[in-house]
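If you're wondering where the values come from, they're calculated on a predicted model, not measured in any experiment. In the text below, chain A, chain B and the rest are named by the order of the sequence lines, each starting its count at 1.
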Amino acid sequence: MTTLYNILIFPGFLFAALIGMLASYIDRKVTARIHWRKGPPLLQPVYDFVKLMGKEIIVPAETSALAFLSAPFFGLSAVTVVSVIVWKGLIQPQGSFVGDLIVVVYLLTIPSIACIIGGFASNNPLASLGASREMKLILSYEMPFLLSILVPVIKSESIRIGDIVSYQLVNGAVLHSYAGVLAFISGVLCVQAKLSIAPFDIPEAEQEIIAGPAIEYSGLPLGIFKLTKWMMLFVVPSFLVAIFMPAVTVWGNLLRYAAILVIIILIKNTNPRVRIDQAVRFFWTWVSAIALLAVILALVGL
Amino acid sequence: MNKLILKALTKSINVYHAACSPCNNCDIEILDCLTPRYDLERFGMTLVGSIRHADAMLVTGVPNMKTAKRIKLVYEQMPKPAVVIAIGSCACGGNLFRNSYNFVKPLDEIIPVNAYVTGCPPKPEAMIMGVVKLIKALKAG
Ligand code: SF4
């Protein structure tokens, strides 16, 4: 019963969906204010989602309807499970299982993979282009992301999120060391690419390839895709909170999440989109170098 | 349930812009609606690039031999429920091109049109008024 409650309500689906919607509203509103516009009303994400539930679902001809329609749901369930594991680790650090950090890292790639499968199943040249860009983007950011996760692991000598959190609650946040700061910088850049928002929104570059992998989706599957994106906007930064700077209370954690969200929105609004080859080069040289330096510093104990 | 979805639909209209051989002036005025001065996003409207994401199709220009077939095709690809808005005198009735050699027939004989916004080009205010009237009509049933 508690498992079901955890997965469906708190800290799983409903919690992540509501805060994700709020985060996407904040994102749109801040972007609008930067343009000197007024921006959408508070309930806009809810309206968007409810509207999509009532629309017709179109499946393109000559495609596998199963792969096309099920892809969004894989992404959604993976994000839900990540939300449960990360927030369980934050709220009661003793309750998590050994190796959940590795599970989270794997689960976080599933929404991108769902995006790729859906894109290729759409039978549309622009969707395939978007899916192949997404694939290249995964290859580029995954290594620096893992390297920056290694820093808290080295500091706390554990691969349990609960241990990492309780280590930091006792000995101070990882972010308070040189290694932690460098790892956090590369981590935020990788999260930017993971969420595929500007300057790394290359897979769905609106002006070039319209909506990328989501181009053929309509109705409920499109709504699920959007919901997954909103939940990712909440879950991935809160994973960074857990491994770099956890707080004791839920509100403290949410506040720190809000701080990371502000950084992400600022990066988004001050940088134009880069090309895919520029992104790959950036991640494989600069970001990887920063993350590697952070790992070396962590190993010598700084 | 249906009422809820109708309310959500009128609060979150994704607009697809179908240029059916216009002179380009109407298109520029449509883009004006998204600029800070008019900011359609405060009503929840956004411009989308894919017809599959659209709830409203804004058609500009005169349907001619080449575009008439295609505008019908694009309309059929739009997930329903959805509306069509004819922007500009061209889309509403042919404007000064109605006696032209390649004018096929008025837009509303090709696809069903829910709202007409006249003008050459119509002002952004006129377009917003057209959309507001359409929303009221939809809500009334
Ligand atoms: S209505 Fe006027 S401005 Fe609009 S497309 Fe026609 S000629 Fe151009």
Item to check | Residue part contacting chain A, namely of Met78(B), when any heavy atom lies under 4.5 Å | outcome: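 Answer is backbone: N, CA, C or O of Met78(B) sit under 4.5 Å from chain A.
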Checklist entry - So what's closer than 4.5 Å to chain A heavy atoms on Thr46(B): side chain, backbone, both or neither? => result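 For Thr46(B), side-chain heavy atoms alone lie under 4.5 Å from chain A.
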Checklist entry - Around atom CZ of Phe74(A), are there more than 12 heavy atoms of other residues, nucleotides or ligands at under 6.0 Å? => result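 No, the 6.0 Å shell around CZ holds no more than 12 heavy atoms from other groups.
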Next on the checklist: A quick test of your reading: do over 12 heavy atoms of other residues, nucleotides or ligands sit less than 6.0 Å from NZ of Lys80(B)?
Outcome noted: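 For Lys80(B), atom NZ is crowded (more than 12 foreign heavy atoms under 6.0 Å).
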Item to check | Nearest-0.5 Å distance, OG1 of residue Thr10(B) to OH of residue Tyr47(A) | outcome: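 Those atoms lie 8.0 Å apart.
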Checklist entry - Roughly how far, to the nearest 0.5 Å, is the CZ atom of Phe43(B) from the CD atom of Gln44(A)? => result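 So the gap between those two atoms works out to 11.5 Å.
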Checklist entry - If you take all heavy atoms of His35(A) and Pro36(B), which pair is closest and at what distance? => result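 Taking every non-hydrogen atom into account, O-CG, 3.2 Å.
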Item to check | Minimal non-hydrogen separation, Arg37(A) against Glu41(B), with atom names | outcome: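 Looks like NH1-OE1, 2.5 Å.
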Item to check | Lys55(A) (side chain) donor-acceptor with Pro81(B) (main chain) under 3.5 angstrom | outcome: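 Side chain of Lys55(A) to backbone of Pro81(B), a donor-acceptor pair under 3.5 Å: yes, one is there.
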Next on the checklist: Heavy atom to heavy atom, less than 4.5 Å: which residues from residues 11-25 of chain B reach chain A?
Outcome noted: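 Residues Lys11(B), Ser12(B), Asn14(B) are the ones that qualify, each having a heavy atom under 4.5 Å from chain A.
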Next on the checklist: Checking an interface table here. Which of residues 215-238 of chain A come within a heavy-atom distance under 4.5 Å of chain B?
Outcome noted: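 Hits under 4.5 Å: Ile215(A), Glu216(A), Tyr217(A), Ser218(A), Leu222(A), Lys226(A).
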Checklist entry - With a 4.5 Å heavy-atom cut-off, do Ile58(A) and Gln77(B) have their side chains touching? => result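 Result no, sub-4.5 Å side-chain heavy-atom pair not found.
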Expected list for residues 91-102 of chain B: side-chain donor-acceptor pairs under 3.5 angstrom, two or more places apart:
residue: Arg98(B); atom: NH1; partner: Asn95(B); partner atom: O; Å: 2.5
residue: Ser100(B); atom: OG; partner: Asn102(B); partner atom: OD1; Å: 3.2

Checklist entry - Which residues pass the side chain to side chain contact (heavy atoms under 4.5 Å, CB included) test with Val59(A), sequence neighbours left out? => result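 Listed in chain order: Thr63(A), Ala65(A), Phe68(A), Leu69(A).
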